[in-house]
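Step one of this worksheet: look at the structure below.
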Amino acid sequence: MPDSLPPDSVGLVQPQTLHFPEPLTLACGQALPNYDLVVETYGELNADASNAVLICHALSGHHHAAGFHSMDERKPGWWDSCIGPGKPIDTNHFFVVSLNNLGGCHGSTGPASINPDSGRAYGPDFPVVTVKDWVESQARLADRLGIQQWAAVVGGSLGGMQALQWSLSFPERIRHAVVIASTPRLTAQNIAFNEVARKAITSDPDFHDGRYCEHDAVPRRGLMLARMVGHITYLSDASMGEKFGRELREEAYKFGYDAEFQVESYLRYQGERFSETFDANTYLLMTRALDYFDPAFEYGNDLAKALTQARCEFLVLSFSTDWRFTPARSEELVKAMIAARRKVSYAEIDAPWGHDAFLIPTPRYMDTFTAYMSRVAREVNA
Amino acid sequence: MRADLEIIEKWISPESHVLDLGCGDGTLLAHLQQEKQATGYGLEINPDHITTCMGRGVSVIEQNLDLQGLGNFEDQSFDVVLMTQALQAVRRPDVVLDEMLRLGREGIVTFPNFAYWRLRWYLMRRGRMPESETLPYKWYNTPNIHLCTFKDFEALCYRKNIHILNRTVVDSEHRYRWFSRLWPNMLGQIAIYRITR
């Protein structure tokens, strides 16, 4: 337990639940009659509400992006390295909003919520939500908070897709989109990994066609496997090699199939912890949202044509060893932005940690991000 | 504002769409955005320069001309393609010139003139590769791998059917000197060319 909070932390924070009574029609055709979003905010909204920054979360996302919920909390929010006083998203200048998306399992309406039509948990009946749906719900959140236009919408990975979608769905309501370690659409390989993860969950005997709650069961093994596969793709060979090498838990081979290598026990541990805290239906839904994202689809697969809708400026960042969403995917996005004559800056950050690098504060990453955001802050104060 | 950049500015019409190859810290692009309402991008590989560009609101793209080329830009998608003090550092200056005029209606190029009299004198007197304010490197660590003279550059343009619209010279402090205009190949330190097909 820390005695005091770090000076560059946003400090103790509390989530709040906002209820939205109006129905939301989703891309799949179904509607949510009403819904809740759990939100955290950091910093102060200025008088003309021009300094708001929306943080969009990645796959296993959470509204707790920065600071601590209590003095007992061991780890701060998931993006604490980038949000706080003096950090790239400087809370001395910005009012930062972070939420748990629809379909999530940290308090926002999702598969574990009660379906008003049936009086029981949605479970597998919770409609598939898309990135576009999330952006729609986030626009209503902005309305509720009195934010007409975001100074910036920022996200990594799946969060980057939301930032990109914001620029297309609500071009007048966003001044800057920061798209980090992301892609304009998944490759077949990406979708394949997602399918393995989903199959691991749905083939768990405790899955019960998604109605595991009603059976007082949790498809733990499936969730654990899904997370293990995911985890491998978020790291790089080099970072795994550096962290674990071929190190054994004990001195000699045992010629069996228990976790003998350190990397095996690490993956099992991570998988198990994840399976205790994350909802299986939410995992299915989030990976599906990833698969479906493809803003070019409606424009005859012409991404540049799609991007002509956008009015904001873009910052695109990629990481050299990210093989889940490679720098080439970011460059594809940048190329389309150039063809559409949008304002865009791009940098490829050299970092050894694979896709997860977007969560790790390497000096060049922080410098670049800080420089860009400081300029966004100057516009706000002007 | 450096004199060479001032000259370049005069050659660029308002609201031009500009690509700056090797844009450095974005000084020129920032100036063109402000004074000429120009749009466009800078290409750069130096991380510190990229950061500076982003901080001042210049759209900068990390891209290595030599390794990645310019295939991500469409034909005739810019009014002007700039390259200041970088031609001599690329692997194939001739290919880059072609690419510049594929992407833009016009190109503006500046480079150090290797036939400048002081460099000639340095080489003649010492028999060693010249070093100067414009070329402050040893032969083995210099990024300038394709040094040329006014005459060389013009010969290349002639061979490629590239038209020279304007040509001027400045000294190492980027000042005009009346005498260097009289005899540029001998007295000009930095060459500034405006070219088109």
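Residue numbers start from 1 in every chain, and the chains themselves are labelled A, B, ... in the order their sequence lines are given, proteins ahead of strands.
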Which region of B/Gln68, side chain (C-beta onward) or backbone (N, CA, C, O), has a non-hydrogen atom less than 4.5 Å from a non-hydrogen atom of chain A, or is it both or neither?
side chain
Scored by heavy-atom pairs under 4.5 Å with chain A, the best of B/Gly40, B/Cys53, B/Gly57 is B/Gly57
So, are A/Glu313 and A/Arg342 salt-bridged, with charged N and O less than 4.0 Å apart?
no
By a 4.5 Å heavy-atom criterion (distance strictly below it), what part of A/Val334 contacts chain B: side chain, backbone, both, or neither?
side chain
If I measure from the heavy atoms of chain A, does B/Ile61 come under 4.5 Å with its side chain, its backbone, both, or neither?
both
Step by step, work out the ring-ring contact (aromatic ring centres under 6.0 Å, His included) result for A/Phe314 and A/His176.
CA-CA 6 Å; A/Phe314 293 94; A/His176 293 269; 9.4 Å; no
Largest heavy-atom contact set with chain A, pairs under 4.5 Å, which of B/Gln63, B/Glu74, B/His17:
B/His17
Any Lys/Arg nitrogen of B/Asp94 or B/Arg92 sitting under 4.0 Å from an Asp/Glu carboxylate oxygen of the other?
yes
Would you call A/Arg329 and A/Asp322 a salt bridge, taking side-chain N to carboxylate O under 4.0 Å as the test?
no
Taking the ring of B/Phe78 and the ring of B/Phe73, is the distance between their centroids below 6.0 Å?
yes
Side chain, backbone, both or neither of A/Glu331 within contact of chain B (heavy atoms, under 4.5 Å):
side chain
Per-residue tally against chain B (heavy atom, under 4.5 Å) across A/Thr368, A/Ile338, A/Val316 peaks at A/Ile338
Spell out, as yes or no, whether a donor-acceptor pair under 3.5 Å connects the side chain of B/Asp98 to the backbone of B/Val95.
no
